[in-house]
Amino acid sequence: MSMPLRTGRSNQKERTRAAILAAGHEAITSGGEVTMPDVARRALVSEATAYRYFPDLASLLRAVLEGVWATPQEAMRPVAGSADPAERIAFATQALLREVVAYQGAVRAMIAASITKPAAGLRPGRRFGLIDEALRPLNDTMAIRDPAGFEQLKRSLAVVVSAEALFTLTDLCGLAPEAAIASIVATARAVTAAACRDPAR
């Protein structure tokens, strides 16, 4: 079976796309606001060219972040041997929020995009994978005995284990990032422990 020939044009397109992704990664780790003009400048391409490869900033950021974030299983590896859902959710919460702090320019841009285009599915929903992995020990217990309660626990944690919660505490309550993370970790742990203690579950 013959392999398709790769033309110089297709190679150039791949190089351009790779350059834009690399520039996006550089931009999100710079600590400042992330914009498409800034990414284009870093990639040494025009803004119009950047938009030909990525229709909006959110789609670019999603592609960049998916390339740097560990999978939920990889992120949770340090507590893989623990069967305590409260301990596991505390670890998952801290892991997620430290990523948010590290890439907050990109995260803020994606939140803004998802507010203006809520039906577009622009955000990667990383919290849900981490919550599912953290609560995995409950799949054979609470999830079977009380499926409605299990789903409610997940929904409660989706509110707590979030960039929005972090930015509420830092931007509106004036907490330093570390203090905000500690507060949210404590809340996530308490919510999970309370759900697991409920005799009905």
Side-chain angles (χ1 to χ4, degrees), residues 1-77 92-133 154-155 157-159 161-172 177 180-181 184:
M1 183 176 180
S2 61
M3 299 295 291
L5 293 176
R6 300 179 66 83
T7 66
R9 182 175 177 79
S10 66
N11 287 338
Q12 180 58 47
K13 284 184 176 180
E14 288 185 8
R15 285 195 296 270
T16 301
R17 187 177 190 279
I20 295 169
L21 286 171
H25 182 268
E26 181 183 326
I28 69 173
T29 55
S30 69
E33 181 183 4
V34 182
T35 65
M36 192 66 96
D38 178 51
V39 171
R41 179 185 59 77
R42 292 173 187 268
L44 303 178
V45 300
S46 70
E47 189 176 346
T49 296
Y51 277 117
R52 279 201 295 273
Y53 286 83
F54 298 95
D56 48 48
L57 179 62
S59 62
L60 169 61
L61 294 177
R62 180 169 183 158
V64 172
L65 290 173
E66 286 176 347
V68 299
W69 279 340
T71 67
Q73 293 75 20
E74 291 168 343
M76 295 292 291
R77 190 168 292 150
T93 303
Q94 186 166 98
L96 175 72
L97 297 182
R98 290 195 184 284
E99 289 177 346
V100 170
V101 170
Y103 302 117
Q104 67 173 295
V107 175
R108 288 177 184 274
M110 293 195 75
I111 289 174
S114 69
I115 290 171
T116 57
K117 296 180 180 178
L122 298 173
R123 295 176 64 182
R126 178 158 174 74
R127 78 185 81 175
F128 300 110
L130 285 169
I131 290 170
D132 285 345
E133 182 63 22
K154 287 186 176 183
R155 287 191 291 269
L157 289 171
V159 174
V161 185
S162 66
E164 292 90 342
L166 179 70
F167 294 146
T168 295
L169 293 181
T170 57
D171 299 359
L172 302 181
I181 290 173
I184 297 169

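The first residue of the sequence shown is numbered 1, and numbering continues consecutively from there. Hydrogens, waters and symmetry mates play no part in the numbers below; they use all other heavy atoms, side chains included.
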Next on the checklist: Counting only heavy atoms not in Arg42 (residues, nucleotides, ligands), do more than 12 fall under 6.0 Å from its CZ?
Outcome noted: yes

Next on the checklist: Within the supplied structure, the quantity of interest is the number of heavy atoms (other residues, nucleotides, ligands) at a distance under 6.0 Å from Glu33 CD; does it exceed 12?
Outcome noted: no

I need the minimum non-hydrogen distance between [X] and [Y], along with the two atoms involved.
X      : Y      : answer
Met36  : Ala50  : SD-CB, 3.9 Å
Ala27  : Val39  : CB-CG2, 4.0 Å
Ala75  : Arg126 : CB-NH2, 4.0 Å
Ala165 : Ser162 : N-OG, 3.1 Å
Thr170 : Pro177 : CG2-CA, 4.1 Å
Pro72  : Gly129 : CB-O, 3.6 Å

Item to check | Audit row: Phe54, Arg62, side-chain contact (heavy atoms from CB on, under 4.5 Å) steps and yes/no | outcome: CA-CA 10 Å; Phe54 298 95; Arg62 180 169 183 158; over 6 Å; no

Next on the checklist: Holding to side-chain contact (heavy atoms from CB on, under 4.5 Å), I want the full list of residues that pass it with Thr49, two or more places apart in sequence or in another chain.
Outcome noted: Thr16, Val45, Ser46, Arg52, Tyr53

Checklist entry - Taking only residues two or more places apart in sequence or in another chain, which ones pass side-chain contact (heavy atoms from CB on, under 4.5 Å) with Arg41? => result Asp38

Can you tell me how far [atom2] of [Y] sits from [atom1] of [X], rounded to the nearest 0.5 angstrom?
X     : Y      : atom1 : atom2 : result
Gln12 : Glu14  : CD    : CD    : 10.5 Å
Leu97 : Gln104 : CG    : CD    : 11.5 Å
Thr93 : Leu157 : OG1   : CG    : 7.0 Å
Leu65 : His25  : CG    : NE2   : 9.0 Å
Gln94 : Leu130 : CD    : CG    : 12.5 Å
Tyr51 : Ile20  : OH    : CD1   : 11.5 Å

Next on the checklist: Any heavy-atom pair between the side chains of Val34 and Arg108 that's under 4.5 Å?
Outcome noted: no

Next on the checklist: What I'd like to find out is whether the side chain of Leu166 reaches to under 4.5 Å of the side chain of Ile181, using heavy atoms alone.
Outcome noted: yes

Checklist entry - Should the pair Trp69 and Tyr103 be assigned to parallel (<30°), tilted (30 to 60°) or perpendicular (>60°) ring geometry? => result perpendicular

